[in-house]
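Below you'll find the structure, written out as structure tokens, and then a few comments.
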Amino acid sequence: MLPELKIYNTLTKTMERIQPVEPGLLKMYVCGPTVYDSTHVGHGRAYVMYDVFKRYLNSRGYHVIHVMNITDIDDKIINRARDENRDWMEIVETYTKEYLEALNSLNVQVDHHPRVTQHIDEIIEFIQKLIERGHAYVTPSGSVYFDVNTYEDYGRLSGRLVKEAWSQEPDFLSEKKNPYDFALWKAAKPGEPFWESPWGKGRPGWHIECSVMSTRYLGERFDIHGGGTDLIFPHHENERAQSESALGSKPWVSVWMHVGMLMVGADKMSKSLKNIVPIKEVVKKWGGRTLRYWYLMSHYRKPVSFSEESLEIASEQLKRLNQVSSLLQKLGKEAVEPHKASDEDLKILRSLLKTHYSFHAALSEDFNTPEAVASLNEFTTIVFRDIQHNPKYILVNTAFRILREFDNVFGVLETPPEALVEEDVDSYIKILVDVRKELRNRKMYDLADMIRSELGRLGVTLSDKGPETTWIRVKKQALNK
Ligand SMILES: Nc1ncnc2c1ncn2[C@@H]1O[C@H](COP(=O)(O)OP(=O)(O)OP(=O)(O)O)[C@@H](O)[C@H]1O
Ligand SMILES: [Zn+2]
């Protein structure tokens with residue numbers, strides 16, 4: 001049996017079991033980029049972490065819908081356009097393209113990328129609902145603000161429980177009821193891009209877009225909301241206040257999951273601080289898969305610093321992993337089918353299965369990728385040290401299957417191992433069943449149980465009657481998950 005899946009929830013500050021709102025389906029929304037400058041390795045950390053987390057959820061049998069927004073209208077974009085004397089749409093186009101290329105080079109796949117400018121009508125509707133429910137007010141200039149005093153749980157997500165800690169954008173203080181109220185709709189100043197609204201010409205504030213687009217694509221309650229820790233306050237605090245107030249769904253989100261910052265000295269890497277390393281530069285030198293692997297070497301919640309030395313280590317480890325993959329492909333063609341597994345074979349089999357289990361144990365407990373990477377390194381050592389010179393069918397095939405499962409989650413190999421063909425699967429199952437029988441005869445029950453779990457993952461159900469075992473395979477599609 002695989003360990004129970006748990007993840008740290010920023011809201012409750014505890015580890016929580018994943019319990020989807022709709023059984024079997026997990027809905028995840030992650031805050032994406034404001035596209036006014038190059039995508040940097042700090043952003044990449046957040047993108048890769050959620051991608052790998054999604055793949056892990058997939059490997060545990062969940063379907064996942066992964067939505068990440070693109071902020072294509074914002075003060076930062078307007079200011080950049082003004083500074084460079086360019087059209088704001090051109091800025092958006094340039095950096096959206098770069099962002100999508102960065103995702104591609106990092107092997108990150110997102111199901112849907114909604115853009116703010118394509119959801120203005122829904123945003124206006126959402127704001128209207130907030131006004132009707134008494135949570136927002138319109139000012140004479142034509143802006144709309146959220147009235148923070150109307151949401152009693154404000155501050156709990158970020159742990160900022162006193163009003164003095166609720167600083168928002170400093171602009172337009174004079175027209176707000178309270179300094180901590182935040183803009184839902186901003187009246188356009190001369191020369192700024194605008195959309196028509198019931199309150200006059202203007203554009204959405206930053207926070208409202210995520211409430212609207214996540215709800216539109218994932219429903220009024222969903223499972224995971226992510227982004228970097230830099231977004232906990234005010235962005236996520238505000239999103240939560242708006243959504244729970246407008247929708248009345250409490251909790252709006254089950255788990256708030258945040259990725260720690262990639263730092264440069266004491267500062268976060270950030271476009272605004274101008275200390276960025278663009279992903280495209282790192283990819284050019286090291287390759288996207290190496291950068292992806294590098295991210296996985298640190299725990300997603302901890303801050304991390306970027307260094308060429310640590311990339312060198314990532315590159316070396318990944319090289320070995322790619323070598324293991326090619327070696328197993330080659331050994332798969334030559335592996336010898338034993339009539340009986342020797343004690344030595346069983347020892348190797350046990351250590352292989354242990355790496356498989358520890359990989360899952362690590363990822364199940366708050367998505368601990370560095371420990372999972374350690375299991376992967378142990379796996380690599382076993383293949384080179386023990387299987388390379390003893391390519392027994394059961395060992396090669398078990399290793400092959402495990403590596404395939406590892407990479408379905410990590411997505412780092414240049415050439416992922418191919419699936420086993422059906423005839424191979426059947427003979428592999430027969431051998432596992434025979435070996436398990438032999439182990440039970442010898443009263444080696446723990447290894448026999450490990451094999452039972454492996455067989456379970458292949459869709460095989462065993463039934464032991466005395467010394468005899470019969471089996472049926474029920475779910476062929478589970479094979480290479
Ligand atoms: N240094 C970083 N480390 C980890 N994640 C980050 C970092 N900077 C931003 N992110 C995350 O990347 C995603 C996109 O960030 P976004 O484009 O909003 O950053 P920004 O605040 O506009 O720009 P910047 O912070 O670079 O000035 C968000 O989920 C954000 O939390
Ligand atoms: Zn957001």
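Numbers for residues simply follow the sequence, beginning at 1. If you're wondering where the values come from, they're calculated on a predicted model, not measured in any experiment. In listed order, ligands and their atoms are each counted from 1.
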**For atom 24 (P) of ligand 1, closest protein heavy-atom neighbour** = Lys271 N, 3.3 Å

**Contact check, Leu231 vs ligand 1, heavy-atom distance below 4.0 Å** = yes

**Complete:** Quick note on ligand 1: atoms under 4.0 Å from a heavy atom of Cys31 include exactly 13 (C), 28 (C), 29 (O)

**Prompt:** Could Lys13 and Tyr8 be counted as a cation-pi pair, given that NZ or CZ must be under 6.0 Å from the ring centre and within 45° of the axis?
**Reply:** no

**Asked** Any idea which protein heavy atom is nearest atom 11 (C) of ligand 1, and the distance to it?
**Response** Ala46 CB, 4.1 Å

**Asked** Looking only at protein heavy atoms, which one is nearest to atom 21 (O) of ligand 1, and how far off is it?
**Response** Lys76 NZ, 3.7 Å

**Complete:** Looking only at protein heavy atoms, what sits closest to atom 15 (O) of ligand 1 is His43 CD2, 3.4 Å

**Asked** Backbone or side chain, does Cys210 get an N/O/S atom under 2.8 Å to the Zn ion (ligand 2)?
**Response** yes

**Request:** Please check if any side-chain donor atom of Ser254 sits under 3.5 Å from a side-chain acceptor atom of Gln19, or the reverse.
**Result:** no

**Message:** Heavy atoms only, cut-off 4.0 Å: how does Tyr36 contact ligand 1, side chain, backbone, both, or neither?
**Reply:** side chain

**Asked** Where's the contact between His40 and ligand 1, heavy-atom distance under 4.0 Å: side chain, backbone, both or neither?
**Response** side chain

**Asked** Hey, is there an N, O or S on His207 sitting under 2.8 Å from the Zn ion (ligand 2)?
**Response** no

**Request:** Please state which part of Leu262 comes within less than 4.0 Å of ligand 1, counting heavy atoms only: side chain, backbone, both or neither.
**Result:** both

**Request:** Compute both the distance and the angle, then confirm whether Arg292 meets the cation-pi test with Phe410: under 6.0 Å from the six-membered ring centre, within 45 degrees of the axis.
**Result:** no

